[in-house]
Amino acid sequence: MPSEKYYITTAIPYATQKPHIGNCYDHVAADMLARWKRMQGYDVWFLAGIDEHGEKVETKAAQEGITPQQFADRITAGMQSVLRSVDVQYDQFIRTTDDYHEAAVAAAFQKLYDQGDIYKSEYEGNYCTPCESFWTPSQLVDGKCPDCGRPVALAKEEAYFLRQSKYQAWLEQYYAEHPDFIVPISRKNEMLNTFIKPGLQDLCVTRSTITWGVPVPFDPKHVVYVWIDALSNYATAVGFNAAENSDQYRKYWPADLHVIGKDICRFHVITWPILLHALGEPQPKRVFAHPWLLFGQDKMSKSRGNVIYADELAELIGGDAVRYYMLVEMPLAVDGSITREAVLERCNSDLANILGNLVNRTLAMTNKYFGGVIPAPGAPAALELGLQALALETVERTATALEECRIADAIETILALAKRLNKYIDETLPWALAKDESKREYLGTVLYHLLEGIRYLAALFAPSMPATAESILRQLQPTRDAAQTLREIWPTLGVFGGLPSGEKVTETPTPLFARIDTEKVLQANE
RNA sequence: CGCGGGGUAGAGCAGUUGGCAGCUCGUCGGGCUCAUAACCCGGAGGUCGUGGGUUCAAGUCCCUCCCCCGCAACCA
């Protein structure tokens, strides 16, 4: 397993506005999975990026009197800053305006055209002449242009199409042979029923109404539209080029996991596999199409004024708490929900009360009863053996859940270990044991099991809450380098008892999470 | 009859192959005092959307209907 590669990607959002917290779920989820794999010893490559091409970027830039690139630069910087606020550490950040990407897109387009997978035809649709835009029936508002409200007319435009229909049988067979390709399974059924079984249509892959994009190499009045341009980023980022692939590409491709939102599932499980197949490249192992984070019951959107931004929330409660909330509240298949009240409640109950307080009270007792020295455990009784088994089981269950992208389940599983440790304190009453000199060895056993249990918590929570995990380890083993300990911690989780006795814990335990006065904070935020 | 997902305690949610209805928050009561008024235990609170059916047994399988939410083809 060590040195085995693991390539994970996020979708690349459209560079039109600052991403809200729902837009960041891709990145937080992928970052968590990437960290988990790194901890297990995989050679991980984590790609994030942004799509800077397209009509909206061009239009918005024109409105501001700046170039599309200047506009995109600003959006990209903003997005990267938001990702930093929640500690997302990607290995690479691709922009569709990067030279190597544009070159590879052009080469791929040429190859597909040369072999007949792309052909020239006419695109017919509802056209708004003043806005110079085509609109789909579902985009129209009362049958009129959603931008200017004026009537639209049927119009034709020369365009290039991807021959998706040719690959329908192949795609259906691919799904059948790779049952784990799409997570969750309900999405696959949706795709099959909605798009594939009724007959796969060819896809329009160029536009001639815009110029901000990759020009079609042999017909430069057309530019490559979003699908081929944006989708191919996953491959071009690591060095795919129809002319010549790089060593890095040969090492990392195919991707092990594409993390995307459900809204773009279709393109990732239909168009993307067909593109790769047509180009003769291997398929990604899995596509995880996650649901959405709703504001309460509603879709988050700027026009509704119910947008929450990750960086602003992190300012208030810390990046780890934001990550925790996002990860634990997002179910696998149905939409999750976020409100400020719910976030603060989770912070207080799960993080401050259950986890933070457990660490704090255990360290305090270690100082009080053993002068801060981690005691050597005596022979474990049934209670302790049960605890040891639970710790090991928690590692297993977490691993299984994450293998299936059940992130919230994984986190709940880990939190259950923290709850069990809190209960263990009440079962053993260390303060009572401390009053009886004959119980001293058992008191040491109890504290050792608590401290070692906390070490498991630090390790298991490290992917979701990296800063918190380091903080726990700095308090547990203040003479050691926490980051280093985490890098080497995975093999030590196989047998309970990896925490060395005799070392001192910190003399000054610091709460991991401050309890938040919910009402005050909410009022201040009104 | 377009497709899909939902409807389980005041709120938010779990409920594998059908086997006494659970979790978190809130609420009420108790315990403890190591700890961040935190932690632990217990109570109250549910006709598991509706109406049928299969079964010794259904939230869980089958059928009817009602309500909510997505998607519906070029909509990042």
For a quick check, with a 4.0 angstrom heavy-atom cut-off, what is the B/S/- contact string for nucleotides 2-11 of chain B, read 5' to 3'? -SSS------
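For A:Y174, the ring pair (Phe, Tyr, Trp, His ring centres under 6.0 Å) partners are A:W170, A:H178, A:F181, not counting sequence neighbours. Every residue meeting the side chain to side chain contact (heavy atoms under 4.5 Å, CB included) condition with A:R515, not counting sequence neighbours, appears here in chain and number order: A:N348, A:A352, A:N353. Under the side chain to side chain contact (heavy atoms under 4.5 Å, CB included) criterion, A:R406 pairs with A:L332, A:T400, A:A401, A:E404, A:D409, not counting sequence neighbours. Annotation: side chain to side chain contact (heavy atoms under 4.5 Å, CB included) contacts of A:Y225 (sequence neighbours excluded): A:R207, A:W227. For the side-chain hydrogen bond (donor to acceptor under 3.5 Å, both in side chains) test, no residue two or more places apart in sequence or in another chain qualifies with A:T445. A:Y175 pairs by the ring pair (Phe, Tyr, Trp, His ring centres under 6.0 Å) definition with nothing, not counting sequence neighbours.
Using a 4.0 Å heavy-atom cutoff across all strands shown, A:I12 reaches at least one base atom of the nucleic acid. Residue-level contact check: A:A230 touches the bases, meaning some heavy atom is under 4.0 Å from a base atom. Within 4.0 Å (heavy atoms only), A:W227 reaches at least one base atom of the nucleic acid.
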Output a table of donor-acceptor pairs, distance under 3.5 Å, between side-chain atoms of residues 363-372 of chain A and any protein atom two or more places apart or on a different chain; print 'none' if there are none.
{"from": "A:T366", "atom 1": "OG1", "to": "A:T362", "atom 2": "O", "distance (Å)": "2.8"}
{"from": "A:N367", "atom 1": "ND2", "to": "A:L363", "atom 2": "O", "distance (Å)": "3.2"}
{"from": "A:N367", "atom 1": "ND2", "to": "A:T506", "atom 2": "O", "distance (Å)": "2.9"}

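Candidate nucleotides B:rC74, B:rC40, B:rU36 were compared by shortest atom distance to the side chain of A:N422, and B:rC40 ranks first. Checking B:rC40, B:rC74, B:rU36 against the side-chain heavy atoms of A:Y225 singles out B:rC74 as nearest.
A side chain to side chain donor-acceptor pair (under 3.5 Å) check over residues 412-425 of chain A, counting only residues at least two apart or in different chains, returns the pairs A:R361-A:N422, A:E384-A:Y424, A:R420-A:E427.
Between A:N353 and the phosphate of B:rC39, there is a side-chain N or O to OP1/OP2 separation shorter than 4.0 Å.
Of the two residues near RNA chain B, A:G356 and A:K262, the one whose nearest nucleotide lies more 5' is A:G356. RNA chain B is contacted by both A:D263 and A:Q201; A:Q201 maps to the nucleotide lying nearer its 5′ end (nearest heavy atom per residue).
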For Watson-Crick and G-U wobble pairs within 3.5 Å on both distances, what is RNA chain B written in dot-bracket notation, | included for inter-strand pairing? .((((((..((((.....[..)))).(((((.......))))).....(.(((..]....))).))))))).....
Filtered N/O pairs between nucleotides 32-35 of chain B and protein, under 3.5 Å:
{"from": "B:rC32", "atom 1": "O2'", "to": "A:W431", "atom 2": "NE1", "distance (Å)": "3.4"}
{"from": "B:rC34", "atom 1": "O2'", "to": "A:R361", "atom 2": "O", "distance (Å)": "3.4"}
{"from": "B:rC34", "atom 1": "O2", "to": "A:R361", "atom 2": "NE", "distance (Å)": "3.1"}
{"from": "B:rC34", "atom 1": "N3", "to": "A:R361", "atom 2": "NE", "distance (Å)": "3.4"}
{"from": "B:rC34", "atom 1": "N3", "to": "A:R361", "atom 2": "NH2", "distance (Å)": "2.6"}
{"from": "B:rC34", "atom 1": "N4", "to": "A:R361", "atom 2": "NH2", "distance (Å)": "3.2"}
{"from": "B:rA35", "atom 1": "O3'", "to": "A:N360", "atom 2": "OD1", "distance (Å)": "3.2"}
{"from": "B:rA35", "atom 1": "O2'", "to": "A:N357", "atom 2": "OD1", "distance (Å)": "2.6"}
{"from": "B:rA35", "atom 1": "O2'", "to": "A:N360", "atom 2": "OD1", "distance (Å)": "3.2"}
{"from": "B:rA35", "atom 1": "N1", "to": "A:R361", "atom 2": "NH2", "distance (Å)": "3.3"}
{"from": "B:rA35", "atom 1": "N3", "to": "A:N357", "atom 2": "ND2", "distance (Å)": "3.2"}
{"from": "B:rA35", "atom 1": "N3", "to": "A:R361", "atom 2": "NE", "distance (Å)": "3.1"}

With 3.5 Å as the limit, what N/O pairs link the protein to nucleotides 22-28 of chain B?
{"from": "B:rC25", "atom 1": "O4'", "to": "A:E345", "atom 2": "OE2", "distance (Å)": "3.4"}
{"from": "B:rC25", "atom 1": "O2'", "to": "A:E345", "atom 2": "OE1", "distance (Å)": "3.1"}
{"from": "B:rC25", "atom 1": "O2'", "to": "A:E345", "atom 2": "OE2", "distance (Å)": "3.3"}

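Within the 4.5 Å cutoff, side-chain heavy atoms of A:L421 are placed close to those of A:L387.
For A:F109 and A:H222, the ring centers sit 6.0 Å or farther from each other.
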